[in-house]
2 protein chains.
Amino acid sequence: MCAKNSQETTQPSEELLCPIRYLLNIFSGKWKLPIVCMLSGETPLRYSTIKRRLGDITNVMLAQSLKELEAAGIVHREQYNEVPPRVEYRLTEKGKSILPTLGQLAEWAIGAMQNETTCGVLCTKCQSTT
Amino acid sequence: MCAKNSQETTQPSEELLCPIRYLLNIFSGKWKLPIVCMLSGETPLRYSTIKRRLGDITNVMLAQSLKELEAAGIVHREQYNEVPPRVEYRLTEKGKSILPTLGQLAEWAIGAMQNETTCGVLCTKCQSTT
DNA sequence: CTGTATCCTTGAGGATACTG
DNA sequence: CAGTATCCTCAAGGATACAG
C-alpha cells in the first residue's frame with residue numbers, strides 16, 4: 001500500500017512499504033540519480049572526477065550521497081592505499097540492474113521535453129573521458 | 001549533460017537539461033509519485049479520495065502537488081459544478097505514458113526489497129475501490 | 001467538498017575551513 | 001586526493017484555521 005510510510009528510522013525493512021516509496025528512499029535527494037547516471041559507464045570513477053563533472057556539488061553532499069548509495073548496495077567503493085590516496089566508485093550488480101529502467105525513464109523524459117538537447121540517454125556526456 | 005542545472009526558475013525549457021534532472025523536476029517532492037501511482041487506475045479519483053488513501057498528506061501539500069502535476073501535463077483536473085462541489089483527477093495521456101516505466105521501477109524495487117509485501121506492482125491496493 | 005491562508009518546524013543542502 | 005567538521009540558509013513540508 002502506498003499509504004502509511006514508516007515513521008521509525010531504525011528498522012524500515014520490517015514495514016510494509018510501497019515499492020515506489022522504497023525507491024524514493026534509496027534515490028531521494030538532489031544528487032543520487034545524477035551520480036548513478038554518471039557511474040553508468042564501464043570504467044570506475046574517482047571521487048574528484050565525479051565531483052568535477054557534477055560541477056556544483058559540495059564535498060559534504062557528494063560524500064554523503066556516495067555513502068548512502070553504498071549503504072543501499074547500489075555503489076561499490078574501492079580504496080587504494082596509495083599516496084596520494086585514490087578511491088574509485090562503480091555500480092554494483094544491483095546498481096547496474098536498474099540502468100535499463102533508468103534508460104527508459106530518460107527516454108520518456110526526452111520525449112516529454114519535446115525538444116532536442118545535447119544530452120543523450122543516460123547522460124552519455126557524463127561518461128565522456130574528460 | 002548532467003551537470004549545470006539551470007538556476008533560473010523562469011524559463012528552464014531553454015536550458016540544456018539532463019533528462020534525469022528534468023524528471024526530478026517534474027516528480028520532485030514527497031508526494032508526486034505516490035499520487036501518480038494512485039491515479040494509475042482506470043477510474044478518476046476525487047480530491048477527498050486521494051487524500052484519504054494517502055493517509056497523512058495535508059491539504060496544502062495535496063492541492064499543491066496536484067496543481068504542479070497538472071501544470072506539467074501529467075494530471076487532468078475535471079471540475080463539476082455541483083453542490084457540494086466535486087472535482088475528479090485522472091492521468092493525461094502523457095501521464096499514462098510513464099506508467100509502464102513506472103511499473104518496471106516498481107518491479108525493480110520489489111526485487112530489491114527481497115521480501116514479500118502486501119503491495120503489488122504500481123500499488124494495486126491504492127486503486128482498490130474502498 | 002475542495003481547497004486557501006498563515007504560521008511554524010525541520011532538515012536538505014550549501015559555504016567555508018580543515019585533516020589524514 | 002578524499003574526505004570531515006561546523007555553521008548557516010532557505011525552502012519543503014506540516015499544523016491549524018478558515019473560505020467558497
Side-chain angles (χ1 to χ4, degrees), chain A residues 3-9 12 21 24-35 38-39 44-72 75-90 130, chain B residues 2-10 12 21 24-35 38-39 44-72 75-90 130:
Chain A
K4 296 301 175 194
N5 197 346
S6 171
Q7 305 293 36
E8 55 195 348
T9 53
R21 290 191 190 239
L24 288 179
N25 281 341
I26 291 185
F27 298 106
S28 66
K30 189 177 175 180
W31 301 106
K32 304 272 181 61
L33 240 21
I35 288 173
M38 184 159 300
L39 292 177
L45 296 183
R46 301 183 61 160
Y47 180 91
S48 52
T49 307
I50 301 172
K51 181 164 160 54
R52 177 164 29 84
R53 291 195 191 166
L54 282 174
D56 49 353
I57 192 174
T58 62
N59 279 325
V60 176
M61 292 314 297
L62 180 52
Q64 177 182 315
S65 300
L66 285 170
K67 203 173 286 182
E68 289 178 25
L69 284 172
E70 192 190 359
V75 156
H76 177 77
R77 178 181 186 274
E78 192 78 41
Q79 178 168 359
Y80 302 90
N81 289 320
E82 307 172 353
V83 177
R86 181 167 127 244
V87 178
E88 289 185 348
Y89 292 90
R90 58 179 173 78
T130 308
Chain B
C2 243
K4 297 299 174 192
N5 196 345
S6 172
Q7 304 294 37
E8 56 195 350
T9 52
T10 49
R21 291 192 190 238
L24 288 178
N25 280 342
I26 292 185
F27 297 106
S28 66
K30 189 176 177 180
W31 300 106
K32 305 271 181 62
L33 239 22
I35 287 172
M38 184 159 298
L39 291 177
L45 296 183
R46 302 184 59 162
Y47 180 91
S48 52
T49 307
I50 302 172
K51 181 164 160 53
R52 176 164 31 84
R53 292 195 190 166
L54 282 174
D56 49 356
I57 193 174
T58 62
N59 278 327
V60 176
M61 293 314 298
L62 180 54
Q64 177 181 316
S65 300
L66 284 170
K67 202 173 287 183
E68 289 179 24
L69 284 173
E70 192 190 0
V75 156
H76 178 78
R77 177 181 187 275
E78 191 79 40
Q79 177 168 0
Y80 301 90
N81 289 321
E82 308 173 350
V83 177
R86 178 168 129 246
V87 178
E88 288 184 348
Y89 293 90
R90 57 178 173 80
T130 309

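Sequence lines set the chain letters: A, B, ... in the order given, protein chains first and strands last, and positions in each chain run from 1. Quick caveat, the model's predicted, so the values are computed rather than measured.
In the helix from C:dC1-D:dG20 to C:dG20-D:dC1, the rotation axis of the first five pairs and that of the last five pairs differ in direction by 60°, rounded to 10 degrees.
Counting to the nearest Å, the P atom of D:dG13 and the CG atom of B:L33 are 13 Å from each other. The distance between atom CZ of A:R52 and atom P of D:dC1, rounded to the nearest whole Å, is 10 Å. Going from atom CE of A:M61 over to atom C1' of D:dC10 covers 14 Å, rounded to whole Å. The CG-P distance, from B:D56 to D:dG14, rounds to 7 Å in whole Å. Atom CG of A:L54 is separated from atom P of C:dG13 by 13 Å (rounded to the nearest Å). One atom, CH2 of A:W31, and another, P of D:dG3, lie 17 Å apart when rounded to the nearest Å. Put simply, CG on A:L24 is 11 Å from P on D:dG13, counting in whole angstrom units. Distance, A:I57 CD1 to C:dT16 C1': 16 Å, rounded to whole Å.
Note on A:Y89: every side-chain N or O is 4.0 Å or more away from OP1 and OP2 of D:dC1. In terms of phosphate contacts, A:K51 brings no side-chain nitrogen or oxygen within less than 4.0 Å of OP1 or OP2 of D:dG3. Regarding contacts with the backbone of D:dA2, a side-chain N or O of A:S48 is found under 4.0 angstrom from either OP1 or OP2. A sub-4.0 Å separation between OP1 or OP2 of D:dC1 and a side-chain N or O of A:R46 is absent.
Using a 4.5 Å heavy-atom cutoff, the side chains of B:L69 and B:K32 are in contact. Taking 4.5 Å as the limit, every side-chain heavy atom of B:L24 sits out of range of all side-chain heavy atoms of A:K30. Using a 4.5 Å cut-off on side-chain heavy atoms (C-beta onward), B:H76 and B:E70 make no contact. Residues A:L39 and A:I50 are in side-chain contact: their nearest non-hydrogen atoms beyond the backbone lie under 4.5 Å apart. Considering only heavy atoms from C-beta on, A:L45 stays 4.5 Å or farther from A:Y89 through its side chain. Inter-residue side-chain proximity for A:P85 and A:Q79 is flagged as unmet; no heavy-atom pair is nearer than 4.5 Å. A:I35 has its side chain within reach of A:L62: a pair of non-hydrogen atoms, C-beta onward, lies under 4.5 Å apart. Between A:L66 and A:R77, the closest side-chain pair of non-hydrogen atoms is not below 4.5 Å.
Between D:dA2, C:dG14, C:dT2, one nucleotide has an atom nearer to the side chain of A:R77 than all others, and that is D:dA2. Ranking C:dT2, D:dG14, C:dC1 by closeness to the B:P84 side chain, first place goes to C:dC1.
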Passes side-chain contact (heavy atoms from CB on, under 4.5 Å), A:N59 versus A:K51? Steps please. CA-CA 8 Å; A:N59 279 325; A:K51 181 164 160 54; 3.3 Å; yes
Can you give me the N/O atom pairs linking the protein to nucleotides 4-6 of chain D at distances under 3.5 Å, or say none if there are none?
from, atom 1, to, atom 2, distance (Å)
D:dT4, OP1, A:K67, NZ, 2.6

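A salt bridge links B:R86 and B:E88; the closest N-O separation between the charged side-chain nitrogens and carboxylate oxygens is under 4.0 Å.
Closest-nucleotide positions on DNA chain C for A:P85 and A:G29 were compared, and the one nearer the 5' end corresponds to A:G29.
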